[in-house]
Amino acid sequence: MKKNIYLSQVNYKTGSGVYSGYWVPYSIACLWAYVQQFDWVKECFNLKEIFFKRDPIEKVLKKLENPSLFAFSCYIWNWEYNKKLAKAVKAKFPECIIIFGGPQVSSKPKETEFFKKHPYVDIISFGEGEKNFLSVLDSILKGENLKQIYSFDRLSEEDLLYPSPYTLGLFDDIINQHPDFHWHAVLETNRGCPFKCSFCDWGSLTYSKIKKFWINRIVEDLEWCGKNKITYLSIADANFGCFKDRDMEITEELLKVQGKYGFPETVDATWYKNLSKDVVNIVKKFIENGLNRGMSLSLQSMNFDTLEAIERSNMKLNKFSEILDLCNEQQIPSYTELIIGLPLETKETWIKGVCNLLEAGQHNSIETWLVQMLENSQLNSERDKYELDTVTVNSYFTAYPDDIKEQAELVRGTKDMPFEDLLDSWMFSWIISNFHIYGWTQIYSIYLNKTQNISYEHFYTNLKQSILKDKGIVGDEYYKVRKYLKMYLTTGNLDNINAYSLNWESQITFNKNFEDTYNFIRSFMKRFKISEDLTNAQEKFITRYNIKESSVTTQSNIFEVCYKNEPIQNGNRTYHLQTKENYTTEDQYYKQYYYKRRSGVGKYRILNF
């Protein structure tokens, strides 16, 4: 009789409304896709089911039929669920072998007393799991004593020639049983990361030469995604675009599939960290065909000492402004991610760094994230060195929490940026995001910077002082958000409020109260020498619900001065404006502020730029 195997890679439902969906459990399915190549595996073992969503524990237990082995893919968004389910499975089926793998499993099991804390786990798997899983099955079949820890060297490119879980049909039952679900999928074109950033567990787990998947497999996976109406596809490479010719070929194949089936609707990627025009060309292909929200230009910090401390100093910052200019000229959306609370960052370096990012030309999207302590990151072992003050928080990963709360450990202070300084720094980013990035003061600040040499730091520190004194909607929103943030980073809880999107939800408030918000801006701008022409261009630049197209006539080339670095040229010209994202309902319009934030929503696209 064949032994029954169950696999689990559960996740939350993501998004909301038309943006909602579930992830197919690709990573855990790769284990079976690899081992099923061997005839003895198919003769002796039977894959019964792959679990992909957070069903109640009792519902899962009722589905199990004499399980011999249950393997779990573990990460921050399913760790607590996996532990509870594994414990229940072991209690009901004590002979069932429980395997934990994935980035959340400690690489130091002795020091962390892993098996003492989790006695229901029999085996942990380190690194890539395919060969580990095969070795476990081999030991079971031979009746050998199982090891507690399995770990192999990284897979070779020859090892990666195994069939894809997509084309093997491992997800067909899942999709057919849930016809009303929107689906998200992962595409691997290679594995490995040549960078070793200390805050990340990607490099620590796969740091080495990049290994490529067979191009035919990638093309077949894309075809599967199109046929199965995958709405959102994430290219899981750490540095897509680093192989410029190959990755452009993959992009062309992706566009063929999208043109043929209309799916995937959106494709996201982690772009090559050493920026180049070749990467921009690939991103442009994505955007021109409506597939991508924007190009990620992630720096994490603008402070050189911090970049050295997190081993990110190899990123080529000198190319950053050049790439941004190229993106701005071609109206290619780009976004930059910063992480607050990293080593050696201070409130002063943070504020200066954010403003330097604007000086470099990033006006489309800046996202600020708190440092998250990941189990196997280098930073996790440097807590004492940098005096990291952390808090464990709930409801950080989803707007759809269930009875099993997943937790995240966030940095709320360091020896160089104490708690109150971190709050102030985060709120400065809130100002930049809500007023510059969403457009309320963007034309003003860029134009003044280019024509009157007024620095962004001067402009936005003055705006902050006005907000602190404001008794209206802007001041109220500022103090409300700061209060919520402080509460969350003190208690770890924020009832009925999604802390994950706290930064962006203010924008909905401002847009719904457009006149009150803009009256505050008008009052603030009285301190500067500006023309009615500039004021008119700025006010028309901000999107409003149900106004999808507009125009503005100016007496000079204001937009070219701002975004193409052209000198001022007098003479009337009319600019035609259009929303960057389509919507059909008011609810969709406001949800775009979060779900489409990287594409530059909030500001009109200039059609005759």
Side-chain angles (χ1 to χ4, degrees), residues 10-16 54 74-84 102-106 112 117 198-201 300-301 310 337-343 345 347 350 367-384 386-430 433 477-506 594-595 597:
V10 301
N11 207 333
Y12 291 104
K13 177 184 176 182
T14 62
S16 177
R54 299 169 64 96
C74 304
Y75 204 34
I76 45 183
W77 47 68
N78 62 20
W79 181 237
E80 298 301 326
Y81 179 93
N82 283 352
K83 289 188 293 182
K84 189 167 184 176
Q104 192 65 15
V105 177
S106 174
T112 59
K117 294 177 181 177
S198 69
F199 58 86
C200 179
D201 56 12
Q300 319 313 339
S301 173
I310 64 174
E337 293 176 317
L338 299 174
I339 300 179
I340 194 168
L342 288 169
E345 192 83 75
K347 182 168 77 170
W350 179 263
E367 297 186 9
T368 297
W369 301 99
L370 292 157
V371 175
Q372 192 170 328
M373 299 301 291
L374 302 176
E375 179 64 37
N376 293 305
S377 67
Q378 180 183 324
L379 194 61
N380 197 27
S381 63
E382 298 177 328
R383 294 168 181 263
D384 293 338
Y386 297 112
E387 298 179 18
L388 303 182
D389 175 23
T390 67
V391 59
T392 299
V393 300
N394 296 310
S395 302
Y396 188 67
F397 304 111
T398 182
Y400 304 99
D402 51 33
D403 293 337
I404 303 173
K405 292 184 177 181
E406 299 296 341
Q407 298 178 321
E409 185 183 9
L410 305 178
V411 172
R412 64 180 180 188
T414 70
K415 67 177 180 180
D416 297 296
M417 186 184 281
F419 184 39
E420 289 295 328
D421 281 2
L422 185 140
L423 293 177
D424 288 342
S425 300
W426 194 94
M427 290 306 300
F428 187 81
S429 293
W430 176 90
S433 176
E477 188 69 15
Y478 178 93
Y479 285 108
K480 181 188 77 175
V481 171
R482 194 182 194 282
K483 172 187 170 185
Y484 285 156
L485 180 65
K486 186 171 185 176
M487 183 189 307
Y488 191 57
L489 295 182
T490 301
T491 68
N493 293 294
L494 204 56
D495 293 338
N496 301 317
I497 296 172
N498 184 6
Y500 200 74
S501 60
L502 191 61
N503 185 47
W504 297 280
E505 292 191 4
S506 294
Y594 178 72
Y595 294 112
R597 62 192 183 277

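What you see is a predicted model; the values in this text were computed from it and never measured.
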Between [X] and [Y], which heavy-atom pair has the shortest distance, and what is it?
X	Y	answer
Asn78	Arg54	CA-NH1, 3.9 Å
Glu367	Trp504	CG-CZ2, 4.0 Å
Pro343	Leu379	CG-CD1, 3.7 Å
Gly413	Leu422	N-CD1, 4.0 Å
Tyr75	Leu374	OH-CD1, 3.9 Å
Met373	Leu388	CE-CD1, 3.9 Å

Please determine if Lys347 and Glu420 form a salt bridge, counting it only when a charged side-chain N lies under 4.0 Å from a carboxylate O.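 Salt bridge between Lys347 and Glu420, a charged N being under 4.0 Å from a carboxylate O: no.
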
In terms of side-chain geometry, is the basic nitrogen of Lys415 or Asp389 positioned less than 4.0 Å from the acidic oxygen of its partner?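 Between Asp389 and Lys415 there is no salt bridge, as every charged N stays at least 4.0 Å from the carboxylate O atoms.
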
Leu502 and Val481: CA distance, side-chain angles, deciding distance, side chain to side chain contact (heavy atoms under 4.5 Å, CB included) verdict: CA-CA 7 Å; Leu502 191 61; Val481 171; 4.2 Å; yes

Please state whether the rings of Tyr478 and Trp430 are parallel, tilted or perpendicular, taking 30° and 60° as the class boundaries.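 Tyr478 vs Trp430 ring planes: perpendicular.
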
Interatomic distance, [X] atom [atom1] to [Y] atom [atom2] [nearest 0.5 angstrom]:
X	Y	atom1	atom2	result
Tyr396	Leu370	OH	CG	5.5 Å
Glu375	Thr112	CD	OG1	6.5 Å
Gln407	Ile76	CD	CD1	12.5 Å
Cys74	Glu80	SG	CD	10.5 Å
Phe419	Asp424	CZ	CG	10.5 Å
Lys480	Glu505	NZ	CD	8.5 Å

Kindly say whether Val391 contributes a backbone atom to a donor-acceptor pair with the side chain of Arg412 at under 3.5 angstrom?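 Checking the backbone N and O of Val391 against the side chain of Arg412, no donor-acceptor pair under 3.5 Å is found.
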
Exam field: side chain Ser433 to backbone Ser429, donor-acceptor pair closer than 3.5 Å: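 No, the answer is negative, given that no donor and acceptor are paired below the 3.5 Å cut-off.
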
Stepwise, does the side chain to side chain contact (heavy atoms under 4.5 Å, CB included) test hold for Leu410 with Gln372? CA-CA 5 Å; Leu410 305 178; Gln372 192 170 328; 4.0 Å; yes

A cation-pi test, strictly: NZ or CZ of Arg482 under 6.0 Å from the centre of the six-membered ring of Tyr479 and no more than 45 degrees from its axis. Yes or no?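 No, cation not above the ring by the 6.0 Å, 45° rule.
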
Apply the side-chain contact (heavy atoms from CB on, under 4.5 Å) test between Val371 and each candidate in Ile310, Ile340, Thr390, Leu342; give the one that qualifies.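 Considering Ile310, Ile340, Thr390, Leu342, a side-chain contact (heavy atoms from CB on, under 4.5 Å) with Val371 is found only for Leu342.
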
Quick one: do Trp350 and Asp421 satisfy side chain to side chain contact (heavy atoms under 4.5 Å, CB included)? Show the steps, please. CA-CA 10 Å; Trp350 179 263; Asp421 281 2; over 6 Å; no

